[in-house]
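This report concerns only the one structure given below.
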Amino acid sequence: MAENEAGEESADSNGRGFLSRPSTRLGWWSVGLTAAFVLLSAVNAAVFMHLSEDVPWRRTVLPFYGIAMMSCGLAAGIAALIAVMRRHERSWLVWLPILAGLFVVTFVFGEFLAPH
């Protein structure tokens, strides 16, 4: 383990620094949920947005798909906030899901405040 001049271990050497991997289970959950959110968003943009309106199952499946996609992003953001605040997680992979959660909250508030 790396020690600084005072003989104390540095934050990066014990796996709790900004450039390290997540060290808590909640941190890994937030990373996994963010990966699911990004994957579902990519499938939505690449496949579902290019479907024609006359596909019979589109009106049934897409609302549930969108809710599942947004739920993954929101859950990732909440899990990341809890990991950062209560478990003192400092990995950049845990700070990144907070952006996904903020995106979902902003999107949902925008839909309620300015419906189309």
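The structure presented is a predicted model; accordingly, all values stated were derived computationally and were not measured.
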Linking I/L/V/M/F/W/Y whenever any side-chain heavy atoms sit under 4.5 Å apart, do [X] and [Y] land together?
X	Y	result
M49	F37	no
V104	I67	no
F107	V43	yes
V108	L62	yes
L102	L74	no

Shortest non-hydrogen contact from [X] toward [Y]:
X	Y	result
L33	A76	CB-CB, 3.6 Å
H88	M85	CE1-O, 3.9 Å
P97	S30	CG-O, 3.6 Å
R21	S91	C-OG, 3.7 Å
G27	P22	C-CB, 4.0 Å
A83	T24	CB-OG1, 4.4 Å

Just so I know, are the side chains of [X] and [Y] near enough to count as touching, which here means a heavy-atom distance under 4.5 Å?
X	Y	answer
I82	I78	yes
W95	R90	yes
F48	R58	no

Does E89 reach the main-chain N or O of V94 with its side chain, forming a donor-acceptor pair under 3.5 Å?
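It does not hold such a pair.
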Determine, stepwise, if the pair L51 / W57 fulfils side chain to side chain contact (heavy atoms under 4.5 Å, CB included).
CA-CA 11 Å; L51 288 176; W57 51 268; 3.6 Å; yes
Return the OG1 to CD distance between T106 and E111, rounded to the nearest 0.5 Å.
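Separation between the atoms: 12.0 Å.
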